[in-house]
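Inspection log for the structure reproduced underneath, given as structure tokens.
The analysis underlying the following values was restricted to heavy atoms, covering all of them including side chains, and did not include hydrogens, waters or symmetry mates. Since the structure is predicted, the reported quantities are computational estimates derived from the model, not experimental observations.
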Amino acid sequence: MRKHHFEIIISTCDKFSDLWEANALLLNQNWPERPATWLVTDVPTDRKLQGIEIISAGEGLEMPDRLAVAMEKIQSEYIVFTLDDYFFTQPIDEAKLHRVLEYMEDKHVDYVQLYPQPRDFLRRDGAKESKEYPGIYMLDIREGNYKVVLTPGIWRKDFMLKTLKGGMNAWQYEVSLTDTARKVGAVCATSNCGELPYLDVIRKGKLLRKANAYFRKNPIYRSDREVMKRRDEWVLNLRTWLKFWMPRGVLQAMKKMMIRLGHRFYSPVS
């Protein structure tokens, strides 16, 4: 298998700087021999992280603007992108990533999401599994939102640059990604092969319960952050379940009703 050159971006900001040391510790333990790694933040800092170069893009800059600054440093055609609150708690097999990169080269793909999803959902949503690369699915992005997202994934640098429009916060940026992919004719895919197994640590500024249990056994991270209530986490999990299993038309009708009741959504009804 031919190796492809890539670099790693961890997107963050000063409000989540309490995560940096623990994130870096696990990254160095589970992926010690890795390509150039950049942690992209806003506020200038004197902190040092082993094996990670910190880019302080500028106080007050939103995520897309911070990433635009980071792009000036990136020399590779491909970027492995992740966020500060995704912790790699298992050894990373880089050969699996090179398999995805080989697929991207072979099929001229711009983006691959590395977030396992139910196979039945992918098929129902129009995704087509590759015969040559089992477990990787070409996505149908003609309809819907969140086909391109900010969970761990591999991006062509040129495609990421096309998404970096100013004047958006992180949530608005993520919502815009799939529509931008449609407009620029990007080819997008997802992999169910577990290339980057991760622990999801923070949601809505609170520590998730599974992550809290992990840190009780592995005291590498201490914080004053509130642990999410069981009820609130159940609601988050229900929303994920509904996304995967409820027909799109029903979801659209529910969203329209909630908008009429005063709820606000970043994503459009589609």
Side-chain angles (χ1 to χ4, degrees), residues 5-28 31 34-88 110-111 113-114 146 148-181 183-184 186 196 198 200-207 221-225 264 266-267:
H5 190 48
F6 64 90
E7 297 175 53
I8 303 163
I9 284 181
I10 305 169
S11 181
T12 185
C13 65
D14 187 64
K15 290 181 180 179
F16 288 85
S17 61
D18 57 302
L19 301 168
W20 295 358
E21 276 77 13
N23 187 312
L25 176 66
L26 289 172
L27 188 61
N28 288 322
W31 197 0
R34 63 182 185 276
T37 305
W38 308 89
L39 185 131
V40 183
T41 187
D42 46 5
V43 179
T45 178
D46 294 327
R47 290 164 69 177
K48 305 292 183 184
L49 299 172
Q50 180 184 344
I52 299 174
E53 187 81 20
I54 298 177
I55 299 175
S56 298
E59 189 169 359
L61 290 182
E62 296 285 0
M63 177 191 277
D65 304 298
R66 298 196 297 266
L67 291 175
V69 172
M71 290 297 105
E72 299 174 8
K73 301 275 190 179
I74 301 298
Q75 301 298 313
S76 305
E77 182 179 2
Y78 294 101
I79 297 167
V80 171
F81 178 87
T82 184
L83 298 175
D84 48 18
D85 58 347
Y86 295 141
F87 282 23
F88 299 136
D110 298 289
Y111 162 83
Q113 182 183 170
L114 302 179
Y146 299 113
V148 181
V149 291
L150 297 176
T151 53
I154 305 181
W155 301 61
R156 284 188 189 266
K157 178 183 175 182
D158 287 348
F159 172 51
M160 182 171 279
L161 280 168
K162 292 174 183 176
T163 70
L164 299 177
K165 306 164 187 174
M168 293 186 291
N169 61 32
W171 296 273
Q172 293 166 331
Y173 175 54
E174 186 168 44
V175 168
S176 76
L177 292 173
T178 304
D179 188 53
T180 299
K183 289 177 179 176
V184 303
L196 289 178
Y198 63 89
D200 196 354
V201 175
I202 302 291
R203 195 75 60 84
K204 297 183 181 296
K206 298 178 181 179
L207 192 62
Y221 171 70
R222 301 184 187 279
S223 169
D224 295 330
R225 289 182 183 272
R264 182 187 174 210
Y266 281 106
S267 58

Is [X] reaching over with its side chain to a backbone N or O of [Y], donor-acceptor style, under 3.5 angstrom?
X	Y	value
Arg156	Glu77	no
Ser56	Asp42	no
Glu7	Ser76	yes
Arg47	Glu21	no
Asn28	Ala24	yes

Donor-acceptor side-chain pairing of Tyr86 and Asn23 below 3.5 angstrom: no
Pair Tyr198, Thr151: side-chain N/O donor-acceptor within cut-off below 3.5 Å: no
Residues Lys162, Asp158: salt bridge by 4.0 Å N-O rule: no
Electrostatic pair Glu53-Lys73, nearest N-O below 4.0 angstrom: no
I'd like to check [X] versus [Y] (side-chain heavy atoms, cut-off strictly below 4.5 Å). Are they in contact?
X	Y	answer
Val148	Trp155	yes
Lys165	Thr180	yes
Lys157	Asp110	no
Leu39	Ile55	no
Leu19	Val201	yes
Ile54	Trp38	no
Tyr173	Leu67	yes

Shortest non-hydrogen contact between [X] and [Y], atoms and distance:
X	Y	result
Gly167	Gln172	O-OE1, 4.0 Å
Ile202	Asp85	O-OD2, 3.0 Å
Glu62	Met168	CB-O, 3.1 Å
Leu150	Glu174	N-OE2, 2.8 Å
Arg66	Cys13	NH2-CB, 3.8 Å
Arg225	Gly205	NH1-O, 3.0 Å

As an exercise, state the distance from [atom1] of [X] to [atom2] of [Y], rounded to the nearest 0.5 Å.
X	Y	atom1	atom2	answer
Lys48	Asp46	NZ	CG	7.0 Å
Ser223	Phe16	OG	CZ	10.5 Å
Tyr146	Gln113	OH	CD	12.5 Å
Ile79	Tyr111	CD1	OH	13.0 Å

Validation row, ring centre Tyr78 to ring centre Phe6 under 6.0 Å: no
side-chain contact (heavy atoms from CB on, under 4.5 Å), paired with Ile74, selected from Ile9, Ile8, Leu161: Ile9
Partner of Trp20 under side-chain contact (heavy atoms from CB on, under 4.5 Å), chosen from Thr45, Ile52, Ile10: Thr45
Worked check of side chain to side chain contact (heavy atoms under 4.5 Å, CB included) between Leu196 and Val80: CA-CA 10 Å; Leu196 289 178; Val80 171; 3.8 Å; yes
Phe88 and Trp31 aromatic ring geometry - parallel, tilted or perpendicular at 30°/60° bounds: perpendicular
Worked check of side chain to side chain contact (heavy atoms under 4.5 Å, CB included) between Val40 and Thr12: CA-CA 6 Å; Val40 183; Thr12 185; 5.9 Å; no
Evaluation steps, side chain to side chain contact (heavy atoms under 4.5 Å, CB included), between Thr41 and Lys15: CA-CA 10 Å; Thr41 187; Lys15 290 181 180 179; over 6 Å; no
Check against side chain to side chain contact (heavy atoms under 4.5 Å, CB included), Asp18 and Tyr221: CA-CA 8 Å; Asp18 57 302; Tyr221 171 70; 2.4 Å; yes
